[in-house]
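Taking it in order: structure first as structure tokens, then the write-up.
FYI, the numbering just counts along the sequence from 1.
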Amino acid sequence: IVLCIGNGALENGTNINLLKWQKGFETNLFCSINIVNNLLKVVREGGSIIFINSICGLYRVGASPIYSCAKSALKVYADDLAAKLGSRARVNSIYPGNILCEGNSWDRKLKSDREGTLKYISDNVPLNKFIYPEEIASLIEYLSDLTTSITGANITIDGGQSAKNNV
């Protein structure tokens, strides 16, 4: 079971209305919890739950504080779930960095300011590259089908951005 729910296009400031915080947490945290609560009714022994989180849940990278806080809370929820479910289901989290695919925000940024966007990646990502959905899919396959010994893992796939910016 892979859970990929979220929206980082949220207000970024210091005086954000509480209703915007509530909506952001609904989208980026509570939806995942609701899905898991329902799935736990039917998950079989040895199942796998994989959260697609964000490096924003681990480190400050300039995203909306609403998004970052909700993703941080999702990390704690996933860690707790892994400890409590034990062998019933493995629970892991993937923390992507700058994902590039057609039509997403990075694609739009490249189209509107190619030079500035590539400079940002060059300045902030040691491998100097975007993350592609196929790379995440390979990690999901590994965690869900190719290993039975990993649970409670928090795996970043960000080209080294978190290592560079959060030493």
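Contact of the Leu74 side chain with the Phe51 side chain is registered, since non-hydrogen atoms from C-beta on lie closer than 4.5 Å. Looking only at side-chain heavy atoms (C-beta outward), Asn128 and Ile121 come within less than 4.5 Å of each other. No side-chain heavy atom of Ile99 sits under 4.5 Å from any side-chain heavy atom of Tyr132. Contact of the Ile140 side chain with the Asp145 side chain is not registered, since no non-hydrogen atoms from C-beta on lie closer than 4.5 Å. Side-chain contact between Leu58 and Thr156: present, with at least one pair of heavy atoms (C-beta onward) separated by less than 4.5 Å.
Rounded to the nearest 0.5 Å, atoms CG (Asp107) and CZ (Phe130) are 9.0 Å apart. From Lys71, atom NZ reaches atom OG of Ser64 across 12.0 Å, with rounding to the nearest 0.5 Å. Interatomic distance, NZ of Lys109 versus CG of Leu118, reported as 12.5 Å (0.5 Å rounding). Annotation: the span from Asn92 atom CG to Asp79 atom CG amounts to 9.5 Å, rounded to 0.5 Å. From Ile131, atom CD1 reaches atom CG of Leu139 across 11.0 Å, with rounding to the nearest 0.5 Å. How far CD of Glu26 is from SG of Cys31: 4.5 Å, rounded to the nearest 0.5 Å.
Environment of CD in Glu115: sparse, with no more than 12 heavy atoms of neighbouring residues, nucleotides or ligands closer than 6.0 Å.
Nearest heavy atom pair, residue Gln161 against residue Ile55, reads OE1-CD1, 3.6 Å. In terms of heavy atoms, Ile52 sits closest to Pro96 at CG2-CG, 3.9 Å. Pairing each heavy atom of Ser72 with each of Cys56, the nearest pair is OG-O, 4.4 Å. Residues Ala78 and Ser93 approach most closely at CB-OG, 3.4 Å, considering heavy atoms.
In this structure, Phe25 is not a member of the same hydrophobic cluster as Leu19, with clusters built from ILVMFWY side-chain heavy atoms closer than 4.5 Å. By the criterion of side-chain heavy atoms lying less than 4.5 angstrom apart, applied directly or through intervening Ile, Leu, Val, Met, Phe, Trp or Tyr residues, Leu40 is grouped together with Leu29 in one hydrophobic cluster. In terms of hydrophobic clustering, with Ile, Leu, Val, Met, Phe, Trp and Tyr side chains grouped at heavy-atom distances under 4.5 Å, Tyr142 and Ile50 are assigned to a common cluster. In terms of hydrophobic clustering, with Ile, Leu, Val, Met, Phe, Trp and Tyr side chains grouped at heavy-atom distances under 4.5 Å, Phe30 and Leu18 are assigned to a common cluster. Note: the hydrophobic cluster containing Leu127 does not contain Tyr120 (ILVMFWY, side chain heavy atoms under 4.5 Å, direct or indirect links).
Side-chain atoms of Thr147 never come within 3.5 Å of backbone atoms of Leu143 as a donor-acceptor pair (strictly under, hydrogens ignored). Of the possible polar contacts, one joining the Ser138 side chain to the Glu134 backbone as a donor-acceptor pair under 3.5 Å is found. Side-chain N or O atoms of Arg88 include none that pairs as donor or acceptor with a backbone N or O of Gly46 at under 3.5 Å.
Aromatic pair Tyr67/Trp21: centroids not less than 6.0 angstrom apart.
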Residues Asn53, Ile94; criterion side-chain contact (heavy atoms from CB on, under 4.5 Å); working and verdict: CA-CA 6 Å; Asn53 202 315; Ile94 297 172; over 6 Å; no
Trace of the side-chain contact (heavy atoms from CB on, under 4.5 Å) decision for Glu141 with Leu146: CA-CA 7 Å; Glu141 180 182 23; Leu146 301 177; 4.2 Å; yes
Apply salt bridge (charged side-chain N to carboxylate O under 4.0 Å, His left out) to the pair Lys129 and Glu135, showing each step before the final yes or no. CA-CA 12 Å; Lys129 66 183 287 294; Glu135 295 173 289; 3.0 Å; yes
Please test Asn154 against Tyr95 for side-chain hydrogen bond (donor to acceptor under 3.5 Å, both in side chains), starting from the C-alpha separation and ending with a verdict. CA-CA 7 Å; Asn154 297 295; Tyr95 293 82; 3.1 Å; yes
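A search for salt bridge (Lys or Arg N to Asp or Glu O under 4.0 Å) contacts involving Lys84 returns Asp80, not counting sequence neighbours.
There is a side-chain donor-acceptor pair under 3.5 Å between Asp158 and Ser162.
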